[in-house]
Amino acid sequence: MSPYMDEKLTKPYDPQATEDRIYQLWEESGFFNPDVCVQKGVCDKDAETFSIVLPPPNVTGTLHMGHSEMLAIQDILVRYNRMRGKKTLWLPGTDHAAIATQTKVEKKMYDEEGTTRHDVGREEFLKRVNQFAKESHDTIVHQIKKMGSSVDWSREAFTLDEKRTIAVRTAFKKMYDDGLVYRGHRIVNWCPHCYSTLSDDEVEYKEKKAVLYTFKYAKDFPFAIATTRPETKLGDSAVAVNPNDERYKAHIGEIFTVDLGHGAQTIKVIADEAVDPEYGTGALGVTPAHSMTDYDMAQKNDLPLIKVIDEHGKMTKEAGAQYEGLKVKEARAKFVQWLKDEELLLKEEEVDQNLSICYRCARPVEPLPSLQWFVNVNKTFTIPHSNIKGVTAGQQITLKELMHIVVQNGQIQIVPERFAKIYFHWIENLRDWCISRQIWYGHQIPVWYRDEETYVGVEKPKDAGWTQDPDTLDTWFSSGLWTFSTLGWPEETADLRTYHPTAILETGYDILFFWVARMVLMTTYLLGDIPFKNVYLHGLVRDERGRKMSKSIGNVIDPLDMIKIYGTDATRMSLIIGTSPGNDMKLSEEKIKAYKHFANKIWNITRFVVSNTEDTDLTVKPELTDHDRENLKELDALVADITKEIEQYHFYLAGEKLYHYVWHRFADVVIEESKVRLYGDNAVERSSAQWTLFHILTTSVTLLHPFMPFITEEVWSMLAHDKKNLLMIEPWPRS
RNA sequence: GGACGGCUAGCUCAGUUGGUAGAGCGUUCCCUUGACGUGGGAAAGGCCACAGGUUCGACUCCUGUGUCGUCCACCA
């Protein structure tokens, strides 16, 4: 018991002088690591576990408010459960973020030395990316610590480290052996600028004005077609009409030979339900090589693919000598001119078009045929064992079905619930997942070729003459394994047995498909289990006007700036209160400031309580007045309420209720009423008030700890009680 | 085209088993009271988007409309 008030308490609360010191204290205690907690008796060896994996931030990224929000929510969950006596693990790591990182380094190289990756070669380029990632890694880790995150750094992982590489290759090989991974010549989303494939989810859409051209393939062709991409028509092999369209019915099955100025081209009239008779002329030029839907029609009707656009976004030889090498737009102008000259062009009109663009560079995506690796989501395979409700070992099942069933049967609960519907809808529309990328940074595909042979394995084949597939895997392939690759899979480690499935995955709704769904896919397939029992989706942090925070608008609020000015606790509270799962939040500096005031209030309450209880032995509970009994009853009700709200993931409510209680009940009412009693000469009233104030304060900071870990830990250390432990391992109050 | 979400005090948002509404910030007035002016006290301010329906009673449930936004699909 300290007889004197800590000197710090005589001054206003200074987060800057407190937070780093406290974080170091926590780290040194080892309690972020559940093994240490077991060793030191903080929790039982057989205690119930609570585990979450940190959604790994991009290794080359910097902390933004979205990260802060996610770290705050997860830290609340983790600290709460640790205090509840669970064996609690929060496993951190970073993501190599293949294309994002590669692009960053390429840009840096180009800006600084004017070189491209091809100038320096693959090996040298990767050396540079790795170096860059390594440096950047320390920045993001430091920033995660600044948020107060109680993650177990001893278990830190990286999606591209050695262990994760083994996991990725093991997963790939298993899928290959089961026929779920295949190499095929398919129409893929191709970004000529990034020079790589994109998955369907990486394609975004933008409304744009476009010209719809109506023209005939030839003067004697019986009808016209309409298109916004005339240049692709050089690769047409059919024209499709609706089978019920009376205008064209008679022509179905006819075959025409036309010449669009680059030689003979065979056009067959086919029927397909997908054709809308109302649009354009009701007849659709089928370009199997450069349209997903046209490709499907081509498959059904056995039509040839004529690739007229190449990977650089330029016309190929097949488009004709006069077009070869031209950019798409140039070719379009030239071909339209040709149509005009030939008097084949009937109409030009402006229409709205939904243009496919690359999510990274926002440039148009070219669908084109390419030899790539895919995950087959519709192929049945035999699941060797299963912890999945409704699925038994040995059953025939598809990846799609697995993804669907674990949410359908409630084994995975999504908060807010409405996202389950969105998830199901996504699965329904899901096509095979293109997983190969033509970039260098990432997991190189574990496939080796020698002449006509193909070898798939975890290790490179021993004998000579093998060449590894140059492509790398979609970054989400490796992050899909995250909940168990971080725990040691494919080895059957104690961690894997203890902490998997994880309790909850907390992330932004914007990566529900990219990541959450892929984790479900990988885990159900590889482990026959779920990756997590709950999914909590937070909204996006926007600026005070509801706009996305972006560098170009200049409306970015940097969490580190806010931490510096207002402290981490205030920043965390501002991201928790007034928000609800799945809904975007608007953040302003004013809001953060308000919680800085709250931190100060806690500080001043502490000063008041400490200075008025210093002369008393608080370990002995005195006789309590009825009034104080009422006060404690109210506190008990608060404990029950806060516990309930956290259990239900209502952090915003728990935080708000704590704020309200501490300020407007405890400070404004209980403390105010206590003054007369503390300064009066009734000994019973006085000691009852002292004990009660002290008890309410210790309970309040305990309840507040998950939300505002720094100030509460600091206050705890200055209270004159017999509890020497850190607040972070103090048992959660019972009501 | 389909689905989903928001629409509650000037602003940002809560409101979970239906009983005519709350918080923060802001505004106005008062208070150098011995924890705190990063404070305290008081006050103003809302036909809870609109229209129907269920009900003794609806911000809360149902139907429809409007509006803003998001996601998905896609017409070439």
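Note on naming: letters A, B, ... go to the chains in the order of the sequence lines (proteins, then strands), and numbering restarts at 1 for each one. All of these numbers come straight from a predicted model, not from anything done at the bench. The figures that follow rest on heavy atoms only: side chains count, while hydrogens, waters and symmetry mates do not.
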Please tell me if [X] has a side-chain N or O lying less than 4.0 Å from either OP1 or OP2 of [N].
{"X": "K601(A)", "N": "C36(B)", "value": "no"}
{"X": "Y279(A)", "N": "A76(B)", "value": "yes"}
{"X": "S580(A)", "N": "C13(B)", "value": "no"}
{"X": "H664(A)", "N": "G24(B)", "value": "yes"}
{"X": "K675(A)", "N": "A35(B)", "value": "yes"}

> Between R665(A) and E634(A), is there a side-chain N and carboxylate O pair less than 4.0 Å apart?
Replying inline: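 Result for this pair is yes, salt bridge flagged.
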
Using a heavy-atom cut-off of 4.0 Å across all strands, would you classify [X] as base, sugar-phosphate, or nothing?
{"X": "E278(A)", "result": "nothing"}
{"X": "A226(A)", "result": "base"}
{"X": "S588(A)", "result": "nothing"}
{"X": "T287(A)", "result": "nothing"}
{"X": "Y595(A)", "result": "nothing"}
{"X": "I225(A)", "result": "nothing"}
{"X": "A240(A)", "result": "nothing"}

When you get a sec, tell me which of [options] is the closest nucleotide to the side chain of [X]?
{"X": "R418(A)", "options": "C4(B), A35(B), A76(B)", "value": "C4(B)"}
{"X": "K421(A)", "options": "C4(B), A35(B), A14(B)", "value": "C4(B)"}
{"X": "H597(A)", "options": "A35(B), G41(B), U38(B)", "value": "U38(B)"}
{"X": "N429(A)", "options": "C71(B), U16(B), C72(B)", "value": "C72(B)"}
{"X": "Y205(A)", "options": "C36(B), U38(B), C74(B)", "value": "C74(B)"}
{"X": "N583(A)", "options": "G39(B), A35(B), A14(B)", "value": "A14(B)"}
{"X": "L653(A)", "options": "U38(B), U16(B), A76(B)", "value": "U16(B)"}
{"X": "W663(A)", "options": "A76(B), U38(B), G40(B)", "value": "G40(B)"}

> Is there a donor-acceptor contact under 3.5 Å linking the side chains of T613(A) and Q690(A)?
Replying inline: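 There is no such pair between these side chains.
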
> S688(A) and D628(A): side-chain donor and acceptor closer than 3.5 Å?
Replying inline: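 Distance-only check passes for S688(A) and D628(A).
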
To the nearest Å, give me how far apart [atom1] ([X]) and [atom2] ([N]) are.
{"X": "I427(A)", "N": "A3(B)", "atom1": "CD1", "atom2": "P", "result": "19 Å"}
{"X": "L697(A)", "N": "C36(B)", "atom1": "CG", "atom2": "P", "result": "16 Å"}
{"X": "R542(A)", "N": "G69(B)", "atom1": "CZ", "atom2": "P", "result": "11 Å"}
{"X": "D510(A)", "N": "G5(B)", "atom1": "CG", "atom2": "P", "result": "19 Å"}
{"X": "D668(A)", "N": "A23(B)", "atom1": "CG", "atom2": "P", "result": "12 Å"}
{"X": "E207(A)", "N": "G69(B)", "atom1": "CD", "atom2": "P", "result": "13 Å"}
{"X": "H425(A)", "N": "C74(B)", "atom1": "NE2", "atom2": "C1'", "result": "12 Å"}
{"X": "Y659(A)", "N": "U38(B)", "atom1": "OH", "atom2": "P", "result": "14 Å"}

Gap in Å between the two [atom1] atoms, one belonging to [N] and one to [M], rounded:
{"N": "U65(B)", "M": "A3(B)", "atom1": "P", "answer": "11 Å"}
{"N": "C4(B)", "M": "C11(B)", "atom1": "P", "answer": "29 Å"}
{"N": "U8(B)", "M": "G46(B)", "atom1": "P", "answer": "14 Å"}
{"N": "G24(B)", "M": "U63(B)", "atom1": "P", "answer": "36 Å"}
{"N": "A43(B)", "M": "A9(B)", "atom1": "C1'", "answer": "14 Å"}
{"N": "C7(B)", "M": "C50(B)", "atom1": "P", "answer": "12 Å"}
{"N": "C62(B)", "M": "C25(B)", "atom1": "P", "answer": "35 Å"}
{"N": "U17(B)", "M": "C13(B)", "atom1": "P", "answer": "23 Å"}

>> By nearest heavy atom, map V203(A) and G285(A) onto RNA chain B; which one lands nearer the 5' end?
In response: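 In this pair, the answer is V203(A).
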
> Taking for each residue the nucleotide of RNA chain B bearing the nearest heavy atom, is the 5' side occupied by Y509(A) or by L587(A)?
Replying inline: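 Between the two, 5'-proximity favours L587(A).
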
Ring geometry between [Y] and [X] (parallel below 30°, tilted from 30 to 60°, perpendicular above 60°):
{"X": "H251(A)", "Y": "F223(A)", "result": "tilted"}
{"X": "Y217(A)", "Y": "F215(A)", "result": "perpendicular"}
{"X": "W603(A)", "Y": "Y13(A)", "result": "tilted"}

Strictly under 6.0 Å, is that where the ring centroids of [X] and [Y] end up?
{"X": "F256(A)", "Y": "F221(A)", "value": "yes"}
{"X": "H538(A)", "Y": "Y509(A)", "value": "no"}
{"X": "F651(A)", "Y": "F707(A)", "value": "no"}
{"X": "Y652(A)", "Y": "H650(A)", "value": "yes"}

> Considering only heavy atoms from C-beta outward, does the side chain of L703(A) approach that of L638(A) to under 4.5 Å?
Replying inline: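 SC-SC contact between L703(A) and L638(A) confirmed.
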
>> Quick check: any donor-acceptor pair below 3.5 Å linking the side-chain of N354(A) to the base of C74(B)?
In response: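 In this structure, the two groups form a donor-acceptor pair.
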
>> For A3(B), does the base pair up with any side-chain atom of E428(A) as donor and acceptor (N or O, under 3.5 Å, distance only)?
In response: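 Side chain to base: no pair present.
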
> Which dot-bracket notation, 5' to 3', represents the base pairing of RNA chain B when pairs are defined as Watson-Crick or G-U with both distances under 3.5 Å, crossing pairs as [ ], and inter-strand pairs as |?
Replying inline: (((((((..((((........)))).(((((.......))))).....(((((.......))))))))))))....

